[in-house]
Peer 1: 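Okay, handing you the structure first.
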Amino acid sequence: MNTSPTHVAIIMDGNGRWGKERGFTRSKGHYAGAQAMEKIIDASIELDIKIVTLFAFSSENWSRPQDEVNYLMQLPVRFFKKKLPEFMKRNIRVLISGNQEALPEPTKKVFRKTVEATKNNNGIIVNFAFNYGGRDDILQAVHQVIEGVRNKKIALDNVNEQMIQQFLYTKELPDPDIVIRTGGEKRVSNFLLWQCSKSQFYFSDVYFPDFTKELLQQAIQVPGTPRILSNRLTR
Ligand code: IPE
Ligand code: IPE
Ligand code: MG
């Protein structure tokens, strides 16, 4: 029987400090974080996790120095171009959660292309949270509902939790069973605010570039970790 949670969400924090403490730049830390991400995707497949959500850029991260923001915008372009053939070979489906409109064209394009190319793959889902903010997610869902009410496509009486859920960036996914944050900080930093209402939280002091399959396995095997039972796949 599969004992892994269905949906694991990871706040990949600590890249900048990893770089600085090794005498490198913060960007070097982000590059190392992207390499760790490749290993964590592999590990998630090996651990039979069905969905892994990876928080890579928050709606607040625009306030970082311009050169760091630029680096973070182009990193997924390199990453997804390199990984697409392997994603196809390994049946990996990619989803993106977050406000895509505000992104530079090459970043938008690589996301569009990757999501489109992998849409019929039915292996693990890698949901990449980029320019994602939990408040923004709820707000944009509310805007869509208001629009629907205005067009008379939605009756006000039918607006309930299930309906809001259908308009979230993560509409295709069940809520995460567990949210893991690396890098030592114990806060949610505007991640999946609606979706984590019943999730387990796990904090690791390890900086994300040093996060490994073994540490992921430990995180998801915390004794007594409650699962969102409705999320479990019956097999
Ligand atoms: C997480 O690492 C990645 C992003 C937020 C883009 P940080 O860049 O926040 O690294 P620290 O927390 O400053 O070490
Ligand atoms: C959270 O980390 C966002 C990501 C990992 C993408 P931050 O480093 O941006 O969060 P704060 O600033 O510590 O709250
Ligand atoms: Mg940080």
Side-chain angles (χ1 to χ4, degrees), residues 7-41 43-44 51-80 83 94-100 102-104 106-108 110-111 114 126-140 168-170 173 176 178-196 199-212 215-216 219:
H7 183 178
V8 175
I10 308 178
I11 303 175
M12 304 185 292
D13 195 28
N15 292 348
R17 281 165 287 163
W18 185 95
K20 279 286 166 203
E21 285 175 22
R22 280 158 185 76
F24 305 135
T25 57
R26 290 179 55 83
S27 291
K28 177 87 195 218
H30 293 310
Y31 182 73
Q35 289 180 308
M37 200 167 80
E38 296 189 32
K39 297 204 186 92
I40 290 303
I41 294 171
S44 301
I51 305 157
V52 61
T53 290
L54 300 164
F55 197 15
F57 190 89
S58 80
S59 51
E60 285 67 42
N61 289 149
W62 294 105
S63 64
R64 295 192 176 196
Q66 192 58 48
D67 61 342
E68 186 175 350
V69 170
N70 292 345
Y71 188 82
L72 289 166
M73 287 297 138
Q74 58 88 23
L75 198 52
V77 180
R78 285 158 65 186
F79 181 83
F80 285 108
K83 297 295 277 185
V94 175
L95 294 175
I96 310 289
S97 293
N99 178 359
Q100 306 302 290
L103 301 177
T107 316
K108 259 195 246 186
V110 82
F111 287 161
T114 312
V126 174
N127 176 38
F128 195 66
F130 199 83
N131 195 19
Y132 180 86
R135 288 185 174 183
D136 172 54
D137 196 357
I138 295 166
L139 193 61
Q140 64 79 33
L168 295 173
Y169 291 129
T170 55
L173 306 175
I178 179 165
V179 177
I180 298 169
R181 182 170 185 146
T182 66
E185 308 293 351
K186 295 181 179 64
R187 54 178 172 260
V188 70
S189 296
N190 202 14
F191 189 43
L192 301 179
L193 298 182
W194 177 285
Q195 297 87 338
C196 76
S199 309
Q200 172 86 8
F201 277 77
Y202 181 92
F203 298 98
S204 165
D205 288 334
V206 173
Y207 295 149
F208 187 72
D210 290 331
F211 202 61
T212 58
L215 293 170
L216 175 63

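Counting begins at 1 with the first residue of the sequence. Order of appearance sets the numbers: ligands from 1, and atoms from 1 within every ligand. Both backbone and side-chain heavy atoms feed into the values below; hydrogens, waters and symmetry mates do not.
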Peer 1: Is there any protein N/O under 3.5 Å from an N/O of ligand 2, and what does the full list of such pairs look like?
Peer 2:
from: ligand 2; atom 1: 8 (O); to: Asp13; atom 2: OD1; distance (Å): 3.2
from: ligand 2; atom 1: 8 (O); to: Arg64; atom 2: NH2; distance (Å): 3.2
from: ligand 2; atom 1: 9 (O); to: Asn61; atom 2: ND2; distance (Å): 2.8
from: ligand 2; atom 1: 9 (O); to: Arg64; atom 2: NH2; distance (Å): 3.2
from: ligand 2; atom 1: 10 (O); to: Arg181; atom 2: NH2; distance (Å): 3.4
from: ligand 2; atom 1: 10 (O); to: Ser189; atom 2: OG; distance (Å): 3.3
from: ligand 2; atom 1: 13 (O); to: Arg181; atom 2: NH2; distance (Å): 3.2
from: ligand 2; atom 1: 13 (O); to: Arg187; atom 2: NE; distance (Å): 3.4
from: ligand 2; atom 1: 13 (O); to: Arg187; atom 2: NH2; distance (Å): 2.8
from: ligand 2; atom 1: 14 (O); to: Arg187; atom 2: NE; distance (Å): 3.1
from: ligand 2; atom 1: 14 (O); to: Ser189; atom 2: OG; distance (Å): 2.6

Peer 1: Taking everything shown except Lys28 itself, do over 12 heavy atoms lie less than 6.0 Å from its NZ?
Peer 2: no

Peer 1: Quick check on contacts: which atoms of ligand 1 are under 4.0 angstrom from a heavy atom of Arg26?
Peer 2: 7 (P), 8 (O), 10 (O), 13 (O)

Peer 1: Tyr207: which residues meet the ring-ring contact (aromatic ring centres under 6.0 Å, His included) condition with it, sequence neighbours left out?
Peer 2: none

Peer 1: Measure the spacing between CG of Leu103 and CZ of Phe57 and express it to the nearest 0.5 Å.
Peer 2: 8.5 Å

Peer 1: Should the heavy atoms of other residues, nucleotides or ligands under 6.0 Å from CZ of Arg22 be counted, would the total exceed 12?
Peer 2: yes

Peer 1: Using the test side-chain hydrogen bond (donor to acceptor under 3.5 Å, both in side chains), find all partners of Thr114 that sit at least two apart in sequence or belong to another chain.
Peer 2: none

Peer 1: Take a 6.0 Å sphere around OH of Tyr31 and say whether it holds more than 12 heavy atoms from other residues, nucleotides or ligands.
Peer 2: no

Peer 1: Looking at ligand 1, is there an atom of it that comes within less than 4.0 Å of some heavy atom belonging to His30?
Peer 2: yes

Peer 1: Is the distance between the ring centroids of Phe80 and Phe128 under 6.0 Å?
Peer 2: yes

Peer 1: In the shown structure, where waters are left out, how many protein N, O or S atoms lie under 2.8 Å from the Mg ion (ligand 3)?
Peer 2: 1

Peer 1: When you check the side-chain N and O atoms of Asn70 and Gln66, is any donor under 3.5 Å from an acceptor?
Peer 2: yes

Peer 1: Is the closest side-chain donor-acceptor distance between Tyr169 and Asp136 under 3.5 Å?
Peer 2: yes

Peer 1: Taking all atoms of both residues into account, what is the closest heavy-atom pair of Met73 and Pro104, and its distance?
Peer 2: SD-CD, 3.5 Å

